[in-house]
Amino acid sequence: MDIDNEINYLAETDTTFAKLMAEVEYQRDMIKHFKGAYVTQSDVAVSKATESYYASESYVSSIKKINDFNIELLQLKNKRKTAEMKIEIWRTLEASRRKGNV
């Protein structure tokens, strides 16, 4: 196992991972903001304006954007988890070797 590469990968992707997580949260908050702006500018009842917003192209576009960020985030999260597991396996094997069990 090349543990140095796994550790470097984790270190190199820390910022990217944090930015992706923040971007997903930001996009969710922006949907709420756009919904609020849409509803307050509408002359119809709030429930009807809300349903109209959910049917709008703006909402669909926002959902697609969040989906794209989520796919990227989950792929990165899974790769990072795999690197963490490889490091843990290596640590376990090294501890076993030190005890003479392997």
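Note that the coordinates shown come from a computational prediction; the quantities given were computed from them, not determined experimentally.
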Task: Co-membership, hydrophobic cluster, residues Val60 and Tyr53, 4.5 Å side-chain - done: no
Task: ILVMFWY cluster, Tyr54 and Val39 together (side-chain gap under 4.5 Å) - done: no
Open item on the list: Whether the side chain of Asn67 engages the backbone of Ile63 through a donor-acceptor N/O pair (distance < 3.5 Å, no angle test) should be reported.
Closed with: no
Task: Stacked cation flag Arg80 on Tyr9, 6.0 angstrom / 45 deg - done: no
Open item on the list: Between Glu51 and Lys48, does any NZ, NE, NH1 or NH2 come within less than 4.0 Å of an OD or OE carboxylate oxygen?
Closed with: no
Open item on the list: Measuring from atom OG of Ser62 to atom CD of Gln27, what distance do you get when rounded to the nearest 0.5 angstrom?
Closed with: 6.5 Å
- [ ] To the nearest 0.5 Å, tell me how far Leu10 CG sits from Thr82 OG1.
- [x] 10.0 Å
Task: Nearest-0.5 Å distance, CD1 of residue Ile3 to CD1 of residue Ile89 - done: 8.5 Å
Open item on the list: Side chains of Tyr59 and Lys35: any donor to acceptor distance under 3.5 Å?
Closed with: no
Open item on the list: Would you say Tyr38 and Ser52 are linked by a side-chain donor-acceptor pair, where the criterion is simply a distance under 3.5 Å?
Closed with: yes
Task: Rounded distance [0.5 Å steps], OG1 in Thr15 versus CG in Leu20 - done: 11.0 Å
Task: Linked, directly or transitively: Ile7 and Leu93 (ILVMFWY side chains, under 4.5 Å) - done: yes
Open item on the list: Counting C-beta onward and ignoring hydrogens, is there a side-chain heavy-atom pair between Asp29 and Lys32 closer than 4.5 Å?
Closed with: yes
Task: Between NZ on residue Lys86 and CG on residue Asn5, distance to nearest 0.5 Å - done: 9.5 Å
TODO: Ignoring hydrogens and angles, tell me if any N or O in the side chain of Ser61 forms a donor-acceptor pair with the backbone of Glu57 under 3.5 Å.
DONE: no
Task: Same apolar cluster: Tyr26 and Leu73, side chain cutoff 4.5 Å - done: no
Task: Side-chain touch Glu88/Met85, heavy atoms, less than 4.5 angstrom - done: no
TODO: Considering only NZ, NE, NH1 and NH2 on the basic side and carboxylate oxygens on the acidic side, decide whether Glu25 and Arg28 come within less than 4.0 Å.
DONE: yes
Open item on the list: With rounding to the nearest 0.5 angstrom, report the CZ to CD distance, Phe17 to Glu72.
Closed with: 12.0 Å
